[in-house]
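Because the structure is predicted, anything quoted here is derived from the model rather than measured. Below, chain A is the first sequence line, B the second, and so on; all start at residue 1.
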There are 2 protein chains.
Amino acid sequence: MNILEKITQNKAVFSKSERKVAEVILSNPQTAIHSSIATLAKMSDVSEPTVNRFCRRLDTKGYPDFKLHLAQSLANGTPYVNRHVDEQDGPEEYTNKIFESTMASLEVARQSIDVNIVNRVVDLLTQAQKISFFGLGASASVAHDALNKFFRFNVPVVYFEDILMQRMSCMNCSDGDVVVLISHTGRTKSLVEIAQIARMNDATVVGITSAESPLAQECSYVLSLEVPEDTDMYMPMASRIAQLTLIDVLATGFTLRRGNKFRENLKRVKDTLRGSRYEKRNE
Amino acid sequence: MNILEKITQNKAVFSKSERKVAEVILSNPQTAIHSSIATLAKMSDVSEPTVNRFCRRLDTKGYPDFKLHLAQSLANGTPYVNRHVDEQDGPEEYTNKIFESTMASLEVARQSIDVNIVNRVVDLLTQAQKISFFGLGASASVAHDALNKFFRFNVPVVYFEDILMQRMSCMNCSDGDVVVLISHTGRTKSLVEIAQIARMNDATVVGITSAESPLAQECSYVLSLEVPEDTDMYMPMASRIAQLTLIDVLATGFTLRRGNKFRENLKRVKDTLRGSRYEKRNE
DNA sequence: AAGAAAAATGTAATTTTTTGACATTTTTAA
DNA sequence: TTAAAAATGTCAAAAAATTACATTTTTCTT
């Protein structure tokens with residue numbers, strides 16, 4: 001946790017002298033990290049051991065350790081912490097909190113990704129005869145997005161929102177088809193069933209879900225995403241974003257694998273859209 | 001500048017022993033910042049002054065100063081820069097680049113948001129008789145997602161992918177209805193027309209789009225999002241993510257405005273989903 | 001309000017850590 | 001091969017941080 005925030009929060013707990021130290025540090029943290037304990041003690045007008053005790057109260061091992069923590073806090077301007085929205089927050093606060101915690105979640109998600117599996121899945125996708133993307137609820141829009149993306153690649157790609165359509169589609173799967181199933185929890189019954197159906201019909205099933213979930217068990221490959229608990233709003237938030245970003249990664253891997261010529265193709269697809277748009281005046 | 005990079009770059013300049021120190025630090029920077037010069041010297045199998053000289057070669061004042069720099073470098077992992085994917089990147093590289101540039105874009109987008117407009121739009125939404133979300137292409141899935149989110153609020157909410165349905169829906173708009181139009185460029189002709197139709201029928205039109213685009217001109221309120229140019233892959237990437245996050249912000253503002261009781265409602269909605277899921281074993 | 005107990009703070013000594021001076025070894029180049 | 005230069009290590013001095021303990025301040029009880 002950011003040590004500057006911690007100092008602010010614990011202000012009430014500090015003793016009088018410790019508070020003097022806190023003031024000096026908060027008002028000038030950049031100076032603090034370059035001072036020795038003696039200098040800081042003089043600046044705060046307290047004794048050296050008091051500064052040391054202050055550091056320990058913040059759960060650091062001592063002054064040098066404290067400086068390290070402080071340096072780290074200062075390094076990331078606003079550190080991407082998963083701050084929860086609360087009741088009293090105004091628009092400014094909740095906007096920032098949502099953005100920041102989304103970024104924080106992406107960071108965590110990124111670290112949880114196994115690039116070897118990404119690589120293998122990209123392999124699979126490039127060789128697939130047909131790619132299907134299915135998800136339910138909040139993950140439906142992620143599947144929808146994946147459709148949009150892979151459609152540009154001129155690959156047979158399928159997406160349905162309707163469970164029955166999804167099932168039927170999987171019934172008709174065959175060897176060489178890849179089915180990508182998206183679910184944050186990996187506990188949605190009907191999606192787990194879809195996975196089973198697809199596998200019975202020789203499709204390769206890729207799950208974008210959490211590790212060791214029932215869905216993960218049924219998949220040939222699992223791209224597990226660890227995303228910190230969504231904020232308190234009882235809605236999926238960060239999980240979706242992480243899934244989407246992973247889709248971007250797969251799409252990128254796909255185009256890289258296909259090489260340069262293929263990318264020119266993509267440019268053409270993009271240019272085709274031009275007719276449907278108002279021209280941008282060249283400034 | 002990031003000191004880890006600096007170490008990597010200067011590797012050629014280092015002497016043999018200094019390189020040993022560099023290896024140890026690069027391979028385990030987290031350990032390094034918590035070690036004394038003596039420990040690090042032993043780990044690198046060199047003498048203490050050698051470590052000290054190593055630090056000075058990197059333009060730090062000495063070992064403690066070096067540790068500070070190192071701590072700061074580690075704090076912001078790799079700062080979120082918009083690094084472009086290129087041809088030779090392996091899975092590891094492109095995965096990280098995509099995630100990082102997504103985070104970087106979110107940061108930029110966040111700063112470009114006008115919270116006053118967010119606040120006003122939240123106002124509008126809470127008082128709306130009916131809310132519609134429309135987008136085309138990549139933005140369609142964003143609208144889809146918004147549907148999913150606002151549907152939970154037990155508000156009349158509408159979403160269509162089909163242009164004709166969108167038009168018809170807007171024809172039937174009336175005073176008190178809010179139409180949210182999503183488009184990165186704001187230059188999609190049919191969406192601009194939708195905006196005009198909606199306004200002719202007294203709906204309030206909110207645009208999530210780029211400032212001063214043709215679409216923005218036609219909107220009652222514009223939530224403009226400035227998103228750095230998407231990476232070179234000719235697909236919308238970061239723009240979508242920013243739009244989605246903005247939707248999260250609006251949804252959050254909405255629930256906050258509605259107060260505590262309302263949030264309990266949301267919890268109930270979430271709990272309702274339980275029947276469709278496999279239980280999580282309590283570990 | 002007085003006095004004892006507890007908490008906070010400071011002093012001084014000790015320990016740890018870092019740095020500097022100089023000797024020795026290794027490398028480089030003529 | 002040898003002399004100069006560069007690199008590295010040894011050891012001692014200096015600086016910094018921490019500990020133990022004494023003193024002061026605060027708090028609580030009677």
Discussion item. List the residues meeting ring pair (Phe, Tyr, Trp, His ring centres under 6.0 Å) with A:Phe99, not counting sequence neighbours, and say none if there are none.
Written reply: none
Practice prompt. Using a cut-off of 6.0 Å, state whether more than 12 heavy atoms not belonging to B:Glu226 lie near its atom CD.
Written response: no
Worksheet, complete the sentence: In whole angstroms, the gap separating P of C:dT9 from CD of A:Glu18 amounts to 6 Å
Fill in: Length of the CD-C1' vector between B:Glu48 and C:dA21, whole Å
15 Å
Discussion item. Angle between the end axes of the helix from C:dA1-D:dT30 to C:dA30-D:dT1, five pairs per end, to the nearest 10 degrees?
Written reply: 20°
Discussion item. Please report the distance, rounded to the nearest Å, between CZ in A:Arg19 and C1' in C:dT9.
Written reply: 14 Å
Worksheet item: Partners of B:Asp45 by side-chain hydrogen bond (donor to acceptor under 3.5 Å, both in side chains), sequence neighbours excluded?
Response: none
Worksheet, complete the sentence: residues 21-34 of chain B vs salt bridge (charged side-chain N to carboxylate O under 4.0 Å, His left out), sequence neighbours excluded, gives B:Lys11-B:Glu23
Worksheet item: If you walk 5' to 3' along DNA chain D, what is the first nucleotide with an atom under 4.0 Å of a heavy atom in chain B, and what is the last?
Response: D:dA7 to D:dT10
Fill in: Any residue meeting side chain to side chain contact (heavy atoms under 4.5 Å, CB included) with A:Glu92, in chain and number order, not counting sequence neighbours
A:Asn96, B:Val115
Worksheet item: Nearest of C:dT9, C:dG10, C:dT19 to any side-chain atom of A:Val46?
Response: C:dG10
Discussion item. Let's see if you get this right: which residues in residues 49-63 of chain B place a heavy atom under 4.0 Å from DNA chain D?
Written reply: B:Pro49, B:Thr50, B:Arg53
Worksheet item: Is A:Glu100 salt-bridged to A:Lys97, cutoff N-O under 4.0 Å?
Response: no
Worksheet item: salt bridge (charged side-chain N to carboxylate O under 4.0 Å, His left out) with A:Arg53: which residues, sequence neighbours excluded?
Response: none
Item to complete: Can you tell me the distance, in whole Å, between the CG atom of B:Asp65 and the P atom of C:dT17?
Response: 19 Å
Item to complete: Quick one: list whatever passes salt bridge (charged side-chain N to carboxylate O under 4.0 Å, His left out) with B:Asp114, sequence neighbours left out.
Response: none
Fill in: Contacts of B:Tyr94 that satisfy ring pair (Phe, Tyr, Trp, His ring centres under 6.0 Å) - sequence neighbours left out
none
Item to complete: Provide the full list of ring pair (Phe, Tyr, Trp, His ring centres under 6.0 Å) pairs with a residue in residues 35-56 of chain B, sequence neighbours left out, each pair given once.
Response: B:Phe14-B:Phe54, B:Phe54-B:Phe66
Response to the item:
Sorted by chain and residue number, the salt bridge (charged side-chain N to carboxylate O under 4.0 Å, His left out) partners of B:Asp65 (sequence neighbours excluded) come out as none
Fill in: Nearest-Å distance for atom pair CD1/P, residues A:Ile37 and C:dT16
16 Å
